[in-house]
Amino acid sequence: MGKRSDILESVLKERERQVDLPGSEHDANNTPNDWIAIASYYLTQNTRRATMLTPPSSEEYETDLTKAAAVIIAALEHLDSMKEKKNLS
């Protein structure tokens with residue numbers, strides 16, 4: 001359970017970092033497609049690098065997955081506002 005706790009703590013720390021970024025106040029305007037695109041950006045970073053001669057570092061891979069997980073949490077946090085705006089049923 002220790003490793004999972006560390007991973008979740010890292011994701012929550014990244015989410016807090018994202019909230020502190022300039023422009024995060026506009027997150028409530030994101031649509032479901034916006035959230036998927038943002039998470040997908042981080043999820044695909046290392047697949048693009050896989051065509052390179054050297055594999056990505058484990059640190060880059062972990063960072064990208066952590067950022068994607070934090071973005072998914074953000075999308076979940078904004079479910080109600082997306083429903084209110086009729087972006088979700």
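The structure displayed is predicted, hence computed values, not measured ones.
Looking at heavy atoms from C-beta onward, K83 lies out of side-chain contact with N87 at the 4.5 angstrom threshold. Residues L43 and D64 fail the side-chain proximity criterion, which asks for heavy atoms closer than 4.5 Å. Side-chain contact check for D27 versus W35: some heavy-atom pair is nearer than 4.5 Å.
Counting heavy-atom neighbours within 6.0 Å of I36 CD1, excluding the residue itself, gives a total of 12 or less. Within a 6.0 Å sphere centred on CD of E25, heavy atoms belonging to other residues, nucleotides or ligands number more than 12. Within 6.0 Å of NZ in K85 there are more than 12 heavy atoms belonging to other residues, nucleotides or ligands. Summarising the local packing, CD of E62 is surrounded by 12 or fewer heavy atoms from other residues, nucleotides or ligands at distances under 6.0 Å.
In this structure, A70 and R15 approach most closely via the heavy-atom pair O-CD, 3.3 Å. In plain terms, the two heavy atoms of A68 and A39 that are nearest each other are CB-O, 3.9 Å.
The pair R17-E14 meets the salt-bridge criterion, since a charged nitrogen lies less than 4.0 angstrom from a carboxylate oxygen.
With rounding to the nearest 0.5 Å, the separation of OG in S57 from CG in N46 is 7.5 Å. Atoms CG and OG, from D20 and S24 in turn, are 7.0 Å apart once rounded to the nearest 0.5 Å. A distance of 9.0 Å separates CD of Q18 from CD1 of I38, quoted to the nearest 0.5 Å.
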So K67 and Q45, side-chain contact (heavy atoms from CB on, under 4.5 Å) or not? Walk me through it. CA-CA 11 Å; K67 287 180 179 184; Q45 288 304 294; over 6 Å; no
For side-chain contact (heavy atoms from CB on, under 4.5 Å), just list the numbers for H78 and N30, CA-CA rounded to whole Å, side-chain angles, deciding distance to a tenth of an Å, and then say yes or no. CA-CA 8 Å; H78 288 87; N30 286 350; over 6 Å; no
Does the pair L88 and L79 meet the rule for a side-chain contact (heavy atoms from CB on, under 4.5 Å), with working shown? CA-CA 8 Å; L88 290 172; L79 282 175; 3.6 Å; yes
As a quick check of understanding, evaluate side-chain contact (heavy atoms from CB on, under 4.5 Å) for Y42 and L65, giving each step before the final call. CA-CA 7 Å; Y42 293 112; L65 290 177; over 6 Å; no
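In this structure, a donor-acceptor pair under 3.5 Å is present between the side chains of D34 and T31.
There is no path of hydrophobic side-chain contacts, each under 4.5 Å, that joins L21 to V11. Clustering ILVMFWY residues whenever any of their side-chain heavy atoms sit less than 4.5 angstrom apart, transitively, puts L12 in a cluster other than the one holding V19.
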